[in-house]
Amino acid sequence: MPRDFFRGRHAGLLVPLFSIPSRTSWGIGEIADLPRLARWMADAGFSFVQLLPINEMAQGQNSPYSAMSAMAIDPIFIAPSDMPDVAALGGEALLDGDEQARLAQARQAPGVDYAAVRAVKDRVFRAAFEYFRTREWDVHGPRAHRLRIFMDRARWWLDDYALFRALHAREQGRAWQEWDPPLRDRRPDALARARQELAGEILFHSYLQWIASLQWKEACDEADIGIFGDFPFMVSGDSADVWSRQHDFRFDASVGAPPDAFSETGQDWGFPAYRWNIIAAGGFRWLAARARRSAELYDGYRVDHLVGFFRTYVRERDGQASFVPAIEEEQMLQGERVLDVLSATGARIIAEDLGVIPAFVRETLTRLEIPGYKVFRWERDWDAEGKPFKDPLAYPSSSVATSGTHDTETLAQWWDEAPVEERRAAAAIACMAPPGCEAETPFNEATRDAILQVLYASRSDLLIVPIHDIFGWRDRINTPALVSDKNWTWRLPWPVEDLARDAQATERAGFVRKLASTYGR
């Protein structure tokens, strides 16, 4: 961990890995792009970057919160230009004309073209693997030895994952629930036979995770900033984890969220519901394993949808919905046990406690000194006349101050769409000191910088600012409850290395660096 995130005041930047492609990356932000981002972040006074999940996404999905593995890094983030086996084959020269054209188009596209990037990378990865297998694996070369060491050390999660991916490919993407019963139900003889029949494909997926692990370690070592991850509440039902731990889940019900600030009707995420009684009886082993993996990858991580670990909103097939567990005392006990499991690894954790949150959840966070979120636009005295905004100087020190999340509209969009009474209430807190701003004026640089200043000045030990709000951009990362091919595709308007050269980016770095210095972050 480059800095001690258990003490003092820090400023972090929220940006997805997929959003920071460089000139050498293949149409999406890659692991090797993290140090390039970190150089600008250091100039801007940021201590850490907050990423979205990097777990392997379900086939056909763009959402990092719908993953087919809670453990594996998505190979889409591997940098082909940094792979020795790709270099040995000539780098991009191994692409045929159609692939080169598709890659060029993906690089120039306004957003991430996941289908194009996956198609080109998969072909290259398989060519690289075949080269590795003939030149290293089959002759017991030194790199083959290092892969074997990795496979042995990661066996606790890699074995099930690689077998699942191999079977998934053989079944042409069919969900595991549709597989032949012996494999669906994980009969030992069927699994053993599949491991023999699919040994090459299993090795391929293990090879990709090894490459991802090597690139991840190198990038984190070079970045010299803290790397914070995201601990999703769930993974896809068609995932290696659910297939290998079927007893922990209900498949006759799904999980979601009740009506809240994100959705007036609530959300149904389609994930199988936890069997909390069985999970608790088993010592929360899967959550402990996920926490161990997160601690391997990150200096700290955000616990997504924290309230769901206290009480899960379960939707039955007949349309009825209820919280599980149903009794508050049991909810409190369960949530505390989960937080104990997640904290046991020693990684710094923060808790996404947004939406409809019972008071006892935040009381638990306070008692355990786990920072929850303080989103400026929602921190108001809702029962007082005029619903005044709370002064960030009064936020608890054990909290995360922020202007928004990956699920909210940007600061600019919120300001311009808010009723004037709401803007006046915000201006009464944010616009009293220079640079000042006007409630009746559309969002502009003065409003942007006034809100940033009041957040940097907040009493919260941790500050996380979405990169959009540093610049005042309007494009969103995600719109919850809306199915759109634009969700999760946003990326920087220029290659990430240009952050160090672009006049606007260098001005922004200087501005927030001064704020960090002034307010001790």
OG1 (T312) and CE (M234) are apart, to the nearest 0.5 Å, by 9.5 Å
Report yes or no: does E99 contribute a side-chain atom to a donor-acceptor pair with the main-chain N or O of V120 at less than 3.5 Å?
-> no
Does E438 CD have over 12 foreign heavy atoms under 6.0 Å away?
-> no
Is any side-chain heavy atom of R348 closer than 4.5 Å to a side-chain heavy atom of D299?
-> no
Please report the C-alpha distance between D498 and R501 in whole Å, then the side-chain angles of each, then the deciding distance to 0.1 Å, and finally whether the salt bridge (Lys or Arg N to Asp or Glu O under 4.0 Å) criterion is met.
-> CA-CA 5 Å; D498 283 7; R501 308 184 188 105; 2.6 Å; yes
E497 side, atom CD; T24 side, atom OG1 - distance, nearest 0.5 Å | 6.5 Å
Is a donor on one side and an acceptor on the other found under 3.5 Å between the side chain of D33 and the backbone of E30?
-> yes
Pair R508 + E445, salt bridge at N-O below 4.0 Å = no
Applying side chain to side chain contact (heavy atoms under 4.5 Å, CB included), run through K374 and K390 and close with a yes or a no.
-> CA-CA 10 Å; K374 299 295 179 184; K390 295 180 180 178; 5.8 Å; no
Do any N or O atoms from the side chain of E379 and from the backbone of F389 form a donor-acceptor pair under 3.5 angstrom?
-> no
When the ring centroid of Y301 is compared with that of F231, is the distance short of 6.0 Å?
-> yes
Just do the salt bridge (Lys or Arg N to Asp or Glu O under 4.0 Å) check on D74 and R118 with the steps written out, would you?
-> CA-CA 10 Å; D74 197 321; R118 285 196 189 279; 2.8 Å; yes
Quick one: CG on D391 to CZ on R459, what's the gap to the nearest 0.5 Å?
-> 11.5 Å
Check: L411 main-chain N/O paired with D469 side-chain donor or acceptor under 3.5 Å = yes
Would you check, one step at a time, whether the test side chain to side chain contact (heavy atoms under 4.5 Å, CB included) holds for Q61 with W488?
-> CA-CA 10 Å; Q61 289 282 340; W488 317 110; over 6 Å; no
Under a 4.5 Å cut-off applied to non-hydrogen side-chain atoms, are W415 and P442 in contact?
-> no
Quick one: are the ring centres of H406 and Y65 less than 6.0 Å apart?
-> yes
Roughly how far apart are I350 CD1 and D461 CG, rounded to 0.5 Å?
-> 12.5 Å
Sub-4.5 Å side-chain heavy-atom contact between L354 and L306 | no
Heavy-atom donor-acceptor pair, R491 side chain to A109 backbone, under 3.5 Å | yes
Which atoms form the tightest heavy-atom contact between I225 and A38, and what is the distance?
-> CD1-CB, 3.7 Å
All heavy atoms of A70 vs all of V235, minimum pair found to be CB-CG1, 3.7 Å
In sequence, state the C-alpha distance, the side-chain angles, and the governing distance for K217 and E296, and then conclude on salt bridge (Lys or Arg N to Asp or Glu O under 4.0 Å).
-> CA-CA 10 Å; K217 184 180 186 307; E296 287 181 351; over 6 Å; no
Using the benzene-type ring in the case of Trp, are the ring centres of Y274 and F233 under 6.0 Å apart?
-> yes
Is there a donor-acceptor pair closer than 3.5 Å between any side-chain N or O of R293 and the backbone N or O of M71?
-> yes
Please check if atom CD in E507 has more than 12 non-hydrogen atoms from other residues, nucleotides or ligands closer than 6.0 Å.
-> yes
Donor-acceptor pair, E352 side chain versus H305 backbone, under 3.5 Å?
-> yes
Given W473 and T410, is the side chain to side chain contact (heavy atoms under 4.5 Å, CB included) satisfied, shown in steps?
-> CA-CA 7 Å; W473 294 330; T410 62; 5.9 Å; no
Taking all non-hydrogen atoms of both residues, which atom of A128 and which atom of M83 are closest, and how far apart?
-> CB-CE, 3.9 Å
Give a yes or no answer on whether the side chain of T366 reaches the backbone of R362 with a donor-acceptor pair at less than 3.5 Å.
-> yes
Should the heavy atoms of other residues, nucleotides or ligands under 6.0 Å from CD of E369 be counted, would the total exceed 12?
-> no
From SG (C220) to CD (Q215), nearest 0.5 Å = 11.5 Å
Closest heavy-atom pair, V15 versus L37, reported as atoms and distance to 0.1 Å, is CG1-CD2, 3.7 Å
CA sep, side-chain torsions, deciding dist, call: D113, Q105, side chain to side chain contact (heavy atoms under 4.5 Å, CB included) = CA-CA 9 Å; D113 185 343; Q105 186 176 11; 5.8 Å; no
Close side-chain approach of W490 and R476, heavy atoms under 4.5 Å = no
At their closest point, which heavy atom of G404 faces which heavy atom of R377, and how far apart are they?
-> CA-NH2, 4.1 Å
Does any non-hydrogen side-chain atom of E440 lie less than 4.5 Å from one of V420?
-> yes
Of all the heavy-atom pairs spanning D230 and Q50, show the shortest one and how long it is.
-> N-NE2, 4.3 Å
Might you work through the salt bridge (Lys or Arg N to Asp or Glu O under 4.0 Å) test for R290 and D241, ending with a clear yes or no?
-> CA-CA 10 Å; R290 291 179 63 196; D241 306 84; over 6 Å; no
Could you check whether the rings of W157 and Y161 sit parallel, tilted or perpendicular, using 30° and 60° as the cut-offs?
-> tilted
If only atom types and distance count, is the side chain of S517 paired as donor or acceptor with the main-chain N or O of K514 below 3.5 Å?
-> no
From the list S460, S47, S458, side-chain hydrogen bond (donor to acceptor under 3.5 Å, both in side chains) with R521 holds only for S458
Evaluate the side-chain proximity of T402 to Y373: yes if any heavy-atom separation is below 4.5 Å, no if none is.
-> yes
Any side-chain heavy atom of F376 sitting closer than 4.5 Å to one from I429?
-> yes
What distance do L499 atom CG and D43 atom CG have between them, rounded to the nearest 0.5 Å?
-> 10.0 Å
Do other residues, nucleotides or ligands put more than 12 heavy atoms under 6.0 Å from the CZ atom of R153?
-> no
Cation over ring, R36 on W40, under 6.0 Å and within 45°?
-> no
So, T447 side chain and F443 main chain: donor-acceptor pair closer than 3.5 Å or not?
-> no
Are any of the side-chain heavy atoms of L492 and I467 separated by less than 4.5 Å?
-> yes
